[in-house]
Amino acid sequence: DDPEKLAAFQARIDRGEKIEPKDWMPEGYRKTLIRQIGQHAHSEIVGQLPEGNWVTRAPTLERKAILLAKVQDEAGHGLYLYCAAETLGISRDEMTEMLLDGRMKYSSIFNYPTLTWADMGAVGWLVDGAAIMNQVPLQRTSYGPYARAMVRICKEESFHQRQGFDVMMKMCQGSEAQKRMAQDALNRFWFPSLMMFGPSDKDSKHSAQSMKWRIKMNTNDELRQKFVDQTVPQAEYLGLTVPDPDLTWNEETGHYDFTEPDWAEFMEVLAGNGPCNRDRMEARNRAWDEGAWVREGLMAHATKQRAVSVA
Ligand code: FAQ
């Protein structure tokens, strides 16, 4: 890229201007955004699977309606995000194919199973909680379509987080067995939720450049710390124990000290060897194959309509 153009581009970012689809941008900026927005979109779509697992088994009609609405919101988020990525010159089909053949990732968290109803509480409370922590600052990200998509997505994610906390509250006010289920869900989802923020800053290969371009507004460790600080008092309120014996409030820093997740496990999950990676990819591949006739039908219809309007 031409150094003068690069400098002018960086100056726009530094002034806090939004970059729009038709503006000049460095190839690396475009590629990073496609990677990050695409990964985010795929996460929303794959993220429907662990919760979809409980739609037919929700304990009441009301809980079922709420869960169904949440899962539908996730489909909507995926679609907005694919549209935002499409403004960068890639198609949704291309991104889907890249997900299916392993060239693109989705969030590690969705490779963990949802074993009990309490997991619906833990996913809403912790997974959506972590998602919000990451996404609220992204409302100010430098790429216009991404920033605008985040505004609506964050509103819906807040509702998701509250419904998860509400499920946890009910469980924690319930029988001993229900409390044990809630604690077990927290035990299993705590460290995987901390992994959602990505590797520690010293191992994050993209953070420095992405922050310079304001594609990311914070480092992975900053957001992870904020999440821990926010979530620990919520666990206390629920009467649950965070599964980290070394978790302590640090008067000096004004933050909690906590144990880092097991990064070897994180790398294994990223490499495709988490508990549910194969199931998730199989489900997405099946949906893609079984939906082929719909896509073909729509294309045939569109071609016909075009022919009619030309004639
Ligand atoms: N999982 O250099 P960095 C949701 C990869 S919320 C998988 O630090 P970066 C809502 C990373 O891609 C979840 N891969 O990378 C919901 C890179 O690999 P690459 C989605 C991960 O991009 C709730 C490598 O590691 N949210 O779905 C993960 O600067 C409930 C090096 O890492 C977003 O995507 C991970 N956890 O920072 C839905 C938010 N972490 O591509 C349903 C937007 C890192 O070079 C139910 N994304 N990697 O091969 C971001 O903010 C960033 O992309 C990070 C990673 C922070 C995730």
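Note: hydrogens, waters and symmetry copies are ignored here, and every other heavy atom, side chains too, is used. Sequence positions, counted from 1, serve as the residue numbers for this chain. Whatever order the structure lists them in is the order used to number ligands and atoms, beginning at 1.
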Output the distance between atom CD (Glu157) and atom CG (Asp128), rounded to the nearest 0.5 Å.
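These two atoms lie 5.0 Å from each other.
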Give a yes/no verdict on a cation-pi contact between Arg12 and Trp24, requiring under 6.0 Å between NZ or CZ and the six-membered ring centre and an angle within 45° of the axis.
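Here Arg12 fails the 6.0 Å and 45° test against Trp24.
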Using salt bridge (Lys or Arg N to Asp or Glu O under 4.0 Å) as the criterion, list what pairs up with Arg162, not counting sequence neighbours.
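Result, salt bridge (Lys or Arg N to Asp or Glu O under 4.0 Å) vs Arg162: none returned.
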Is a side-chain donor-acceptor pair under 3.5 Å present for Gln225 with Asp229?
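Yes.
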His42 and Tyr82: ring-ring contact (aromatic ring centres under 6.0 Å, His included), yes or no, with the steps?
CA-CA 8 Å; His42 296 324; Tyr82 283 130; 5.4 Å; yes
Applying a heavy-atom distance cut-off of 4.0 Å, which protein residues contact ligand 1?
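For ligand 1, the residues that come within the 4.0 Å heavy-atom cutoff are Arg35, Gln36, Gln39, His40, Ser43, Glu44, Gly47, Glu51, Lys70, Glu74, Lys105, Tyr106, Ser107, Ser108, Phe110, Val127, Asp128, Ala131, Asn134, Gln135, Tyr146, Glu157, Met195, Met196, Phe197, Gly198, Pro199, Ser204, Lys205, His206, Lys216, Asn220, Phe266, Leu270.
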Same apolar cluster: Trp54 and Leu49, side chain cutoff 4.5 Å
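No; Leu49 is not reachable from Trp54 via cluster members.
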